[in-house]
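Here's the structure we're looking at; comments come further down.
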Amino acid sequence: MSRALPEHPAHDELTGRWADTVLRARDTDACMPSPYRYAHELLRRWAEPHRRYHTTDHLLAVLRRIDELADCADDLPAVQLAAWFHDAYYLPDRSTNEERSARLAEKALPELDIDPARTAEVARLVRLTVTHDPAPGDRNGEVLCDADLAILAAAPEAYEAYTAAVREEYGFVPDDAFREGRAAVLRQLLDLSRLFRTPYGAERWEAPARRNMTAELERLGTRAGM
């Protein structure tokens with residue numbers, strides 16, 4: 001028998017956000033399935049005990065960043081739904097998390113009477129979080145990726161807490177292998193011409209994010225240019 005997971009302090013806020021997004025994502029006000037369907041399942045996934053960074057707190061932070069970037073999106077409900085699904089599956093030793101999360105969206109959203117085009121857009125956005133590299137003009141992708149990466153621009157103490165939580169998620173990886181893998185991820189991000197694609201993100205988050213990641217590379221014993 002599975003043990004119930006503790007309820008997050010923002011459970012009511014998140015449940016309300018989910019229902020509101022589902023209602024706005026529908027094209028009609030006709031009688032339809034409850035907008036609360038799947039809310040509990042998704043929140044259960046985000047609260048899985050093996051998570052340390054990719055938690056309900058991360059989901060809430062991404063949704064709040066999307067609020068800040070709302071004017072930059074072409075389809076705000078699609079971006080918000082993608083945020084809910086983008087780490088719905090999360091096992092740090094797997095490379096299929098984004099694909100499985102996208103497939104969950106493709107299953108769940110039609111059951112909520114979300115139309116096929118918007119469902120496809122949500123799934124596309126979830127898959128985009130593999131690279132965080134939206135094509136020019138992909139405004140929805142820019143908003144989701146900027147919101148997901150905003151933690152990189154956090155104050156130094158918060159950034160260090162984030163990196164510590166990521167290390168905990170990869171606790172099964174030996175230190176040397178983790179340092180090498182983490183440095184490769186940081187270099188890949190730093191090699192992007194722009195980390196943040198929305199005007200808001202570029203102005204406010206680009207410089208502090210690059211400072212944080214460069215400092216982390218130095219702590220890892222590597223250099224961004226190596």
Side-chain angles (χ1 to χ4, degrees), residues 8-10 13-14 46-70 72 79 82-84 86-88 90-93 97-98 101 125-126 128-134 141-226:
H8 191 274
E13 176 187 346
L14 284 162
W46 283 95
E48 290 165 335
H50 67 271
R51 299 176 184 242
R52 293 296 182 270
Y53 170 67
H54 295 86
T55 63
T56 311
D57 285 333
H58 173 58
L59 168 62
L60 185 58
V62 171
L63 290 170
R64 287 173 174 170
R65 293 301 192 185
I66 291 171
D67 291 345
E68 294 179 59
L69 302 170
C72 298
V79 177
W84 277 90
H86 83 284
D87 284 322
Y90 182 73
L91 292 170
D93 60 341
N97 291 317
E98 292 84 1
S101 297
L125 291 169
V126 172
L128 182 60
T129 61
V130 174
T131 63
H132 292 95
D133 190 14
E142 289 174 352
V143 170
L144 178 63
C145 291
D146 277 17
D148 197 26
L149 293 180
I151 183 61
L152 300 177
E157 315 81 57
Y159 185 86
E160 289 185 20
Y162 146 71
T163 60
V166 171
R167 182 65 184 104
E168 285 188 53
E169 287 185 338
Y170 285 86
F172 58 90
V173 178
D175 286 343
D176 287 348
F178 178 81
R179 283 194 295 268
E180 181 179 348
R182 178 67 180 173
V185 170
L186 293 171
R187 290 195 198 98
Q188 179 184 8
L189 289 169
L190 285 168
D191 284 345
L192 295 173
S193 59
R194 287 174 57 187
L195 286 166
F196 298 99
R197 310 303 175 84
T198 64
Y200 184 101
E203 178 182 350
R204 291 165 175 78
W205 300 335
E206 186 81 19
R210 289 187 179 274
R211 286 196 298 270
N212 282 335
M213 289 192 293
T214 300
E216 184 184 358
L217 277 172
E218 292 174 354
R219 289 195 298 272
L220 291 169
T222 64
R223 293 187 183 278
M226 292 177 61

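Keep in mind it's a predicted model, so treat the numbers as computed, not measured.
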Between [X] and [Y], which heavy-atom pair has the shortest distance, and what is it?
X    : Y    : answer
R210 : L189 : NH2-O, 4.4 Å
A147 : I66  : CB-CG1, 3.6 Å
S101 : V126 : CB-CG1, 3.9 Å
L69  : G201 : CD2-N, 4.4 Å

Using a cut-off of 6.0 Å, state whether more than 12 heavy atoms not belonging to E13 lie near its atom CD.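 It does: E13 CD has more than 12 such atoms within range.
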Please confirm whether the backbone N or O of [Y] pairs with a side-chain atom of [X], one donor and one acceptor, at under 3.5 Å?
X    : Y    : value
E169 : R52  : yes
H86  : C145 : no
R179 : G221 : no
T55  : R51  : no
E206 : L195 : yes
D146 : T198 : yes
D133 : L192 : no

Start with the C-alpha gap between R204 and E68, add the side-chain angles, then the distance that decides, and say whether salt bridge (Lys or Arg N to Asp or Glu O under 4.0 Å) holds. CA-CA 12 Å; R204 291 165 175 78; E68 294 179 59; over 6 Å; no
Please lay out, stage by stage, how D175 and R167 fare under the test salt bridge (Lys or Arg N to Asp or Glu O under 4.0 Å). CA-CA 9 Å; D175 286 343; R167 182 65 184 104; 2.7 Å; yes
Checking side-chain contact (heavy atoms from CB on, under 4.5 Å) for the pair L220/L186: CA distance, chi angles, key distance, verdict? CA-CA 11 Å; L220 291 169; L186 293 171; 3.9 Å; yes
In terms of ring plane angle, is the pair F196 and W205 parallel, tilted or perpendicular, where the classes change at 30° and 60°?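 The rings of F196 and W205 stand perpendicular, inter-plane angle above 60°.
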Would you call the rings of H58 and Y53 parallel, tilted or perpendicular, taking 30° and 60° as the class edges?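 The arrangement is tilted - the two ring planes meet at 30° to 60°.
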[X] side, atom [atom1]; [Y] side, atom [atom2] - distance, nearest 0.5 Å:
X    : Y    : atom1 : atom2 : result
R65  : L63  : CZ    : CG    : 12.5 Å
L59  : D87  : CG    : CG    : 9.0 Å
Y159 : N212 : OH    : CG    : 5.5 Å
R211 : T214 : CZ    : OG1   : 10.0 Å
L125 : L144 : CG    : CG    : 5.5 Å
L152 : L190 : CG    : CG    : 9.0 Å

Flag side-chain contact, heavy atom, 4.5 Å: E142 against C72: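 No; the side chains remain at least 4.5 Å from each other.
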